[in-house]
Each structure stands twice: as C-alpha cells, then as structure tokens.
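To keep things clear, I will list the structure first and then write my remarks on it.
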Amino acid sequence: MSFLLRNKNAILFDMDGVLYDSMPNHSKAWSLAMEKFGMHMSSHDVYLNEGATGHDTVVRISLRDRGYEATETEINDIYGYKAALFRSMPEARIMPGAPDVFRKAAAAGLKIMIVTGSGQKNLIERVQKDFEGFITRDRMVTAFEVTRGKPYPDPYLKGLEIAGVSASDAVVVENAPLGIRAAVSAGIDTIAVNTGPLDDDILLAEHPVLLMHSMQELADSFEKLI
Ligand code: MG
C-alpha cells in the first residue's frame with residue numbers, strides 16, 4: 001500500500017521481535033519456567049501469546065494446562081523466574097533494519113513511540129541507549145503503564161494519548177498476532193512485520209494493512225510509503 005505514512009504524525013513500535021531479535025530468548029525462558037511449575041509452553045505457544053503481559057500469559061496457560069487460575073503469588077513466582085532466566089541469557093541483537101527505520105521515520109517528521117507489553121526492566125533501559133536520540137522513557141508505554149495489556153487496545157490508546165495524536169494520525173509496527181489485534185482495536189493502521197516462525201496467515205487474520213518479513217524490508221520500502 002503506497003503512501004501509508006503520508007499525512008501521519010506518529011509511528012508506534014512494538015519492541016520484542018521488532019526492535020530486538022529477542023523472541024528466541026523469550027521462548028526458551030517461558031518454556032523452562034512453565035516446565036518448572038508443571039506446565040508446558042511450546043515455542044509456537046510463546047509466539048502466539050506474544051504481546052500479552054507475563055501475568056496474562058501465566059493465567060492463560062494455567063487455565064489451559066491445569067484447568068484452574070494461578071494465584072497472584074504463583075503468577076509472580078513464575079513470571080519472576082521467567083524474567084530472571086531471560087536476563088541471564090546472551091543479549092538479543094538489535095533487529096537488522098530497525099535503526100534505519102527509526103532514522104527514516106524521524107527524518108520524515110514522525111513522532112516515535114514504543115508500545116510494549118514487556119516488563120523486562122533491563123530491555124526497557126537498554127532500548128533508550130540503543131536508540132538514543134530517538135526514544136526516551138516518557139515516550140514508552142510498557143507493562144508498567146497499563147493495567148490491561150495487549151490484545152486489549154489500552155496500550156496503544158495510551159500511546160496515542162502520550163503522543164497527542166488521534167488513531168487516524170498514527171501507524172503501528174507489530175510482529176505479534178495479539179499486538180496487531182490490540183493496535184487494530186485501537187483503530188490504528190498497522191504494519192505487520194513477520195520476523196518469527198508463525199505463518200503469514202496467522203498475522204493477516206488480524207487485519208494489518210500491510211505485511212512485511214523484516215525490518216530491513218520496511219526500511220528499504222520506507223520512501224514508497226511516504
Ligand atoms: Mg513483539
């Protein structure tokens with residue numbers, strides 16, 4: 001779709017799987033943490049649930065695997081263990097093409113925001129250094145800023161509010177089905193970037209306006225969208 005970014009004022013980026021190639025680490029960490037607590041989360045499950053908060057992910061898998069809701073204490077234990085495992089893993093690389101997209105978006109005069117379900121403090125800190133000059137903490141919506149995470153529209157609505165733009169003035173870049181659903185529910189045109197192992201059809205079912213296969217592809221086609 002040509003000119004998708006024309007007349008837009010803001011671009012809202014998801015973080016994991018968009019700015020960082022961090023999903024393989026999340027997948028490993030979730031699967032080990034769930035196993036320790038007697039549940040099972042396959043890599044496919046992790047990618048399907050991506051974007052939801054850690055809290056909601058534990059609730060969903062507990063209901064599915066054990067038939068009952070996890071207690072708050074248990075949720076904190078499981079997510080705490082998962083987060084610690086994630087922190088102990090080698091640093092995820094910056095997604096190739098993501099810095100190019102940021103540079104081109106800024107040059108086009110678009111306000112840049114990050115809207116993530118993440119509560120991983122180390123990555124939330126790191127992104128401000130890796131994308132210095134483009135992003136500050138007050139331009140980020142994380143698990144700490146909203147009660148209801150993706151796939152609810154709340155994180156993206158909060159992002160619009162902070163950016164001071166309406167839904168029709170913004171574009172979202174997302175890699176996860178639940179993330180696309182959240183952005184589309186907020187009424188925002190969404191570019192899906194399929195950087196993981198899911199079939200395109202799973203992402204397309206959430207109605208993005210455009211689907212690409214890498215951030216580099218988005219960077220390379222950026223001029224065509226302006
Ligand atoms: Mg993501």
Side-chain angles (χ1 to χ4, degrees), residues 11-31 41 43-57 60 79 82-83 86 89 91-99 101-102 105 112-124 126-127 130-131 135 139-146 148-156 158-159 170-186 188-200 202-219:
I11 185 161
L12 283 56
F13 293 92
D14 171 48
M15 184 170 73
D16 290 286
V18 169
L19 305 180
Y20 291 107
D21 193 7
S22 47
M23 284 308 295
N25 285 354
H26 281 295
S27 177
K28 247 177 262 158
W30 269 123
S31 133
M41 209 169 173
S43 173
H44 189 76
D45 288 336
V46 174
Y47 280 92
L48 279 182
N49 275 285
E50 190 199 339
T53 60
H55 178 282
D56 291 352
T57 301
R60 191 171 303 129
Y79 185 56
K82 182 264 168 181
F86 180 81
M89 289 174 174
E91 272 201 340
R93 64 175 181 160
I94 294 174
M95 194 64 91
V101 173
F102 265 49
I112 295 174
M113 298 274 311
I114 293 176
V115 178
T116 175
S118 179
Q120 295 277 174
K121 289 181 176 152
N122 57 329
L123 209 48
I124 292 169
R126 187 186 154 196
V127 73
D130 287 342
F131 293 88
I135 200 78
R139 294 264 155 203
M140 293 178 72
V141 177
T142 72
F144 302 107
E145 273 72 47
V146 288
R148 294 195 313 176
K150 303 170 187 178
Y152 289 103
D154 305 28
Y156 280 109
K158 183 86 186 161
V171 168
V172 163
V173 182
E174 260 287 356
N175 72 307
L178 297 184
I180 300 167
R181 192 181 304 169
V184 171
S185 304
I188 311 171
D189 284 346
T190 302
I191 300 172
V193 183
N194 192 3
T195 59
L198 298 178
D199 287 341
D200 284 352
I202 296 178
L203 275 68
L204 289 170
E206 304 295 343
H207 311 294
V209 288
L210 192 64
L211 183 135
M212 295 197 167
H213 294 95
S214 68
M215 287 297 278
Q216 194 60 59
E217 187 185 352
L218 178 56

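Start at 1 with the first residue, then count along the sequence. Each ligand, and each atom within it, is numbered from 1 in the order the structure gives.
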For this session: Please name the atom of Glu50, restricted to N, O or S, that is closest to the Mg ion (ligand 1).
Result: OE2
For this session: Looking at Asp16, pick out the N, O or S atom nearest to the Mg ion (ligand 1) and give its name.
Result: O
Exercise. Does any N, O or S atom in Glu174 come within less than 2.8 Å of the Mg ion (ligand 1)?
Worked result: no
Problem set entry | Metal check, the Mg ion (ligand 1) vs Met15 N/O/S, cut-off below 2.8 Å | no
Problem set entry | Opening angle between OD1 in Asn175 and OD2 in Asp14, taken at the Mg ion (ligand 1), to 10 degrees | 90°
Exercise. Is there side-chain contact between Glu50 and Leu178, with heavy atoms separated by less than 4.5 Å?
Worked result: no
Problem set entry | Distance-only side-chain donor-acceptor flag, Thr57 / Asn49, under 3.5 Å | no
Exercise. Side chains of Thr142 and Glu145: donor-acceptor distance under 3.5 Å anywhere?
Worked result: yes
Problem set entry | Stepwise salt bridge (Lys or Arg N to Asp or Glu O under 4.0 Å) test for Lys150 and Asp14 | CA-CA 11 Å; Lys150 303 170 187 178; Asp14 171 48; 3.1 Å; yes
Exercise. Using the ring of each side chain (for Trp, its six-membered ring), is Phe86 parallel, tilted or perpendicular to His26, with breaks at 30° and 60°?
Worked result: parallel
